[in-house]
Every structure is written in structure tokens, then in C-alpha cells.
Amino acid sequence: ITPARFDREKVFRVKLQDEKQANIIKDLAKTNELDFWYPDDPHHITANMTVDFRVSEKETQSIQSALDQNEMHYEILIHDLQEEVEKQFDVKED
Amino acid sequence: VPGRHSYRKYNNWERIVAWTEKMVNKHPEMVSRIQIGSTVEDNPLYVLKIGKENERRKAIFMDCGIHAREWVSPAFCQWFVYQATKTYGRNKIMTKLLDRMNFYVLPVFNVDGYIWSWTQNRMWRKNRSKNRNSNCIGTDLNRNFNASWDSFPDTNNPCWETYRGPAPESEKETKAVTDFIRSHLKSIKVYITFHSYSQMLLFPYGYTSKLPPNHEDLAKMAKIGTEALSTRYETRYIYGSIQSTIYPTSGSSLDWAYDLGIEHTFAFELRDKGKFGFLLPESRIKSTCKETMLAVKFIAKYILRHTS
């Protein structure tokens with residue numbers, strides 16, 4: 001099995017303002033393959049929480065549009081996950 | 001991934017096993033290796049016992065790597081063993097601790113998942129057990145403990161990252177750990193589990209908003225522990241009960257150990273706060289481990305002084 005790669009995958013951080021926004025993220029989780037980094041699981045999402053989740057390249061566009069349309073506060077923590085996976089090994093072998 | 005074990009780098013499972021052997025060979029009077037069981041894919045589950053032979057002394061049980069992708073967690077357990085063996089006889093606090101306590105260290109709890117995160121999917125979290133009637137693999141070992149195990153419906157789907165398993169302690173890994181802790185319950189005074197990320201120091205409960213009877217003691221320890229941690233590099237941790245600080249969780253090892261009777265149980269969510277998330281660069285391992293040592297040594301000292 002070839003190892004998974006994460007080219008151009010992104011990690012979003014969304015600061016939820018209210019219950020409506022919490023439900024938007026929960027709905028997005030039902031129709032997209034979001035990997036929640038914090039909280040561990042979309043069921044734990046509540047208003048006024050900061051949520052981190054990983055999005056595949058193909059779903060980034062639609063997710064970002066949904067966040068923009070709903071005027072949600074977000075930042076992209078990681079722009080290309082594969083790059084970060086490779087960059088984590090930043091200490092040379094002894 | 002060629003090369004040999006390094007405390008400043010992430011080590012794959014093969015290197016960690018070799019490291020456990022090296023530590024036993026190098027410090028036979030202080031380190032012994034106990035196989036407490038094996039995983040779903042028949043990898044060994046090793047606990048390193050740090051301290052003198054005397055079984056009756058107070059002990060602290062620490063586990064790392066319950067979630068596969070949280071790589072800085074196993075790095076800390078390796079660092080702890082390294083520091084304990086290196087500074088015994090040189091550092092006053094560590095010498096006093098090891099003269100009067102034992103530490104049981106489980107460097108990698110979720111071995112199969114950890115191997116998978118190295119070889120196939122860096123973002124893997126659960127173990128690698130197969131689920132009946134589902135193509136989805138894995139159970140979240142930190143939802144598989146018998147602590148209000150089935151109180152949340154959202155842990156009942158094998159395809160979800162927080163799947164609790166078909167029954168409490170259904171997983172070989174969980175059972176190996178719970179059996180070991182139950183059989184050493186007389187001596188184990190503290191249970192500490194290491195996760196990442198978020199920079200938090202948590203204590204029970206996760207499955208209820210009810211306060212544990214000694215919550216003031218736990219809160220005081222957590223407060224001072226986070227203060228001790230921040231003295232090194234001013235890294236800010238928050239602390240509190242799982243339920244009030246992050247969110248309700250069922251089936252966690254922390255709550256299970258507490259309800260078993262270990263009155264001091266803590267969970268560290270190590271660095272960072274999201275800039276790198278699970279992908280903390282190796283260049284930050286050392287400082288993360290050094291500051292965490294200060295908190296763990298404080299907790300151990302406190303227990304030495306305040307428990308019978």
C-alpha cells in the first residue's frame with residue numbers, strides 16, 4: 001500500500017461565534033471528509049469554540065466558500081500538509 | 001528511516017524497541033522491561049520500570065502514544081526515562097524521587113497505530129483492529145475504557161475517529177494496560193497520560209460535570225504544575241477538568257484510573273497550540289520535553305510528600 005500523501009491539503013482554524021456557526025461546521029462534517037484535529041470529533045463542537053480541521057485539496061474550495069458565505073472567522077494554519085509532514089524532520093541524524 | 005535512536009528526533013517503533021533494550025542493558029540496576037501484553041497485530045506492549053526493585057514503594061504510571069499521530073508524546077516518555085537514568089545521583093530531586101518511588105513508563109500504548117502513522121498514514125489516530133460489519137478500521141483506545149463507556153452516542157460508529165470499540169476494554173492494548181494497573185494498584189498513586197496538542201493539563205472528569213472529591217487538590221497540583229512548566233520557556237498551559245476545559249468525553253483512561261481508586265490522575269496535552277498541531281518539528285522536541293519534566297517532577301514530589 002503506498003503511504004498516504006497530503007499534498008496541498010489544508011488545516012483550517014475557525015473561531016465559532018454562535019450556535020448557528022457551530023451547526024454549519026457540523027453540517028459540513030456530514031457532507032465532507034473533514035479530519036478534526038480539535039476537538040477530536042465534530043459532535044463536541046459548540047458555540048464560541050475554536051475548531052481545527054484538515055481538508056483535502058479537492059474539498060478546500062467548497063469549504064472555504066461555505067465559510068466565506070457565512071462570514072465566519074477563520075485562518076489557514078497549514079497551507080500544504082505534505083510539506084509540514086516532511087518539514088517536521090528538521091533535526092539531522094546524529 | 002535509517003539511523004539510530006535520538007532523543008532529539010522522532011523514532012519509529014523499531015528504534016524504540018532497540019532503545020528499550022539499550023536502557024535495560026545500560027542501567028540494569030534501575031531499569032527493567034516488562035511485557036504487559038501484545039497488540040491486535042501482535043506487537044509487544046512494553047512497560048519500563050524505573051526505580052529499585054522494591055515493589056511496595058509508591059509508584060507513578062505514565063503512558064504515551066495512545067493516539068498514533070501524537071508523536072511528541074512518545075518522545076516525552078523516552079526523554080523521561082533518559083533524564084531519570086542520566087540525572088539519578090546528580091540531580092537532587094530526581095535522586096530523591098527514584099530513591100523512594102518507582103515509575104512505570106509505557107513509551108507507546110498504541111503500537112500498531114504508531115507503526116501505521118510511520119509507514120502508511122501520518123494522520124492516523126486509532127489502533128488497527130478490524131471492526132465487525134464494517135470496512136472501517138480501528139478503535140479510539142481513549143474511548144475504550146470502562147468509564148461511562150457508552151454514555152455518548154457519537155462514539156458508536158466504527159468509521160468515526162472516536163469509535164469506542166464493541167465493548168469496554170475490547171481492545172488487547174486497553175486490557176493489557178488495565179490488567180497491569182489493577183495488579184499494581186496498591187503501589188500506583190498517580191496515573192499520567194500524555195497526548196498532544198493544545199498545551200493543557202487536565203484532570204477528571206470527562207464523562208460528567210460532577211467534581212471529583214479531591215478536585216481542589218487536583219486543581220492546585222495542576223496549577224502549580226503548569227507554573228513549574230512555564231518557568232523554563234514561558235510556555236503557557238491552561239488547566240482544569242476535561243469536561244470543563246475541553247469537552248465531555250466518555251471511556252477515557254484518565255477517568256477510569258481515577259474511578260479505580262488512583263486519586264491523582266492527569267492528562268497532558270503537549271505542545272503546541274495549533275501552528276504545527278500534530279506535526280511539531282523535531283527541533284522543538286527537546287524544549288517541549290524539558291519543560292514537561294518540570295511539571296512531572298513537581299507532581300511526583302507532591303505525591304511523595306502528601307500521600308501515605
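All values reported here derive from a predicted model rather than from experimental measurement. Naming convention: chains lettered A, B, ... in sequence-line order (proteins, then strands); numbering from 1 in each chain.
Distance alone, capped at 3.5 Å, is enough to place a donor-acceptor pair between the Asp112(B) side chain and the Glu41(B) backbone. Between the side chain of Asn12(B) and the main chain of Trp118(B), no donor-acceptor pair closer than 3.5 Å is present. A donor-acceptor pair is defined here as one N or O able to donate and one able to accept, closer than 3.5 Å; such a pair exists between the side chain of Asp272(B) and the backbone of Lys275(B). A side-chain donor-acceptor contact under 3.5 Å links Gln88(A) to the backbone of Val85(A).
The pair Arg122(B)-Glu9(A) does not meet the salt-bridge criterion, since no charged nitrogen lies less than 4.0 angstrom from a carboxylate oxygen.
If you measure heavy-atom distances from Asp35(A) to chain B, the contacts under 4.5 Å come from the side chain alone. Residue contact with chain A, scored on non-hydrogen atoms closer than 4.5 Å, is absent for Arg284(B). Neither the backbone nor the side chain of Trp124(B) has a heavy atom closer than 4.5 Å to any heavy atom of chain A. Neither the backbone nor the side chain of Lys286(B) comes within contact range of chain A; no heavy atoms are under 4.5 Å apart. The part of Arg54(A) that comes within reach of chain B is its side chain, from C-beta onward, which places non-hydrogen atoms under 4.5 angstrom from that chain. The part of Ile78(A) that comes within reach of chain B is its side chain, from C-beta onward, which places non-hydrogen atoms under 4.5 angstrom from that chain. With a 4.5 Å cut-off on non-hydrogen atoms, Thr155(B) does not touch chain A at all. Looking at Ser283(B), the atoms closer than 4.5 Å to chain A (heavy atoms on both sides) sit in the backbone and in the side chain alike. Interface residue Phe6(A): only side-chain heavy atoms are found under 4.5 Å from chain B. Only the backbone of Thr2(A) comes within contact range of chain B, with at least one heavy atom under 4.5 Å from a heavy atom of that chain. Residue contact with chain B, scored on non-hydrogen atoms closer than 4.5 Å, is absent for Ile45(A). Contact of Leu280(B) with chain A is made through the backbone alone, with heavy-atom distances under 4.5 Å. Contact of Lys9(B) with chain A is made through the side chain alone, with heavy-atom distances under 4.5 Å.
Residues Glu84(A) and His79(A) bring no donor and acceptor atom of their side chains to less than 3.5 Å of each other.
Listed options Phe152(B), Tyr197(B), Trp160(B) were ranked by heavy-atom pairs under 4.5 angstrom with chain A; first place goes to Tyr197(B). Interface check for chain B: of the options Lys87(A), Arg13(A), Met49(A), the most heavy-atom pairs under 4.5 Å are formed by Arg13(A).
Proximity of the aromatic rings of Phe278(B) and Trp37(A) is defined here by a centroid distance below 6.0 angstrom, and this criterion is met.
Applying side chain to side chain donor-acceptor pair (under 3.5 Å) to Asp40(A) and the options His67(B), His195(B), Arg125(B) leaves one that passes, Arg125(B).
Ring geometry for Phe76(B) versus Phe194(B): interplanar angle of 30 to 60°, hence tilted.
Closest approach of Met123(B) and Leu279(B) over heavy atoms only: CE-CD2, 3.9 Å.
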